[in-house]
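Counting starts at 1 for both ligands and their atoms, in listed order.
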Amino acid sequence: MLLIGNGLLITREPARPVWLAGCVAVQENKIVEVGSTEELQGKYPDASFVDAQGRLIMPGLINTHMHCYSSFARGMDLKSQSPHEFNEILTRLWWRLDKTLTMDDVYFSAAVAMIDCIKNGTTTIFDHHASPNCVPGSLFRMAEAAQELGLRTCLCYEVSDRDGDEVAQQGIDENVDYISKCKRDHDAMRCGLFGLHASFTLNDALLRRSADIASMLGVGCHIHTAEALSDVEDCQSKYGKRVVERLKDFGVLRPATIAAHCVHVNEREIEMLREKAPFVVHNPESNMGNAVGCAPVLEMVRRGIRVGMGTDGYTSDMFESLKVANLLHKHQQQDAAAAWAEPHDMLFEQNADFASTAFGETLGRLVPGALADIIVVDYNPPTPLTAANLNGHVLFGMTGRSVATTIINGRVVMQERKILVADEQEVFGRARELAEKMWKRF
Ligand SMILES: [Zn+2]
């Protein structure tokens, strides 16, 4: 038994969103009780105690669109002119980088990204992986890193036709092998989706085959959807339809599917998204950084579409993404009243609901029966913090680096900023060595 207490407990649950001197009781990997510290310490006197020392106790954060393989791009010299638009970003950076990855690179780029997630209070990620020159076994290598570090992961391999039939088939096989293993293992620490790159790198035959296999396996897909205008133009010129319509026609858009981005969707496509109900994931920083536009996610939310939040590998800090989402839509709409509520709903409610369905267990909530993913956040409110003004404190007062302690599945993986599950210096040192070698091959 583990108690995390003596803190301002933020559950966001309607019945009692905030507890002063609150406490969470954890038995093995699940939360068994939420109450006052005094009461739970009295009831469980022999339990280990994580003392929040008056700081905040919150649910662990969830990132529903991530690319761990992008870790080694940090600080890399592209050795060519800076890309101006999305296709140049892919051809000059990501599609060159992913081809240079070896299996060790896959492991260590994942490990440093996962440690970064833990340090930013993210306890579950939905990753979208590519390493065309070492596909078979790549998800299993990432899963090893996740298991050692104790991070909850949903992995997939992005199938595409950009590297020919053989690599495409390897991508399909890797998804099938990994998903099958997850289904056999029934381990709440991991699951899989069927990864697809994007409409413009999936010919009809490949998309048909992949969508059918995903359906047969009973899992959703994880696909970049109308991220850039060029994806739409490609789809219209090759298939005479827009991206969302094409994905709908192939049966890809289902409630278990992640449709990442959805930047360039028109009114008709928004209606299709509402009807087919895939989980749309908003990645505000990536969209701004890649200069692809602003996804009409506020309109989607108004229409009842489920929209969550991811980072697309741009950062591991969900607090940062929350902040950027708040600013992006104000700026885009020239309306200072816009986007006060929606980003919080995406991060805390929608991501938790989608992850709970994907993993088959309650996630992202501090309630009895939920998996014990809990963070302690070093934030001392300079003004009164109440259930009514909580979002303002989260938005303006917290960053990922405020996270002091991270608990995943009942295991303390970081305590007072120290990673307990690995030698952080050693992992980062090894990653730097591998990154330097990879840069030379790039
Ligand atoms: Zn992405």
>> Regarding Thr122 and Asn63, do their side chains bring together a donor and an acceptor under 3.5 Å, going by distance alone?
In response: no
So, 2.8 Å as the limit: is an N/O/S atom of [X] located closer than that to the Zn ion (ligand 1)?
X	value
His128	no
His65	yes
Asp312	yes

> Does the gap between the ring centers of Trp95 and His197 come in under 6.0 Å?
Replying inline: yes
>> Less than 6.0 angstrom separating the ring centers of His65 and His67, yes or no?
In response: yes
> Among the N, O or S atoms that His224 has, which is closest to the Zn ion (ligand 1)?
Replying inline: NE2
>> Within the structure provided, determine whether Leu247 and Leu207 are in side-chain contact (heavy-atom separation under 4.5 Å).
In response: yes
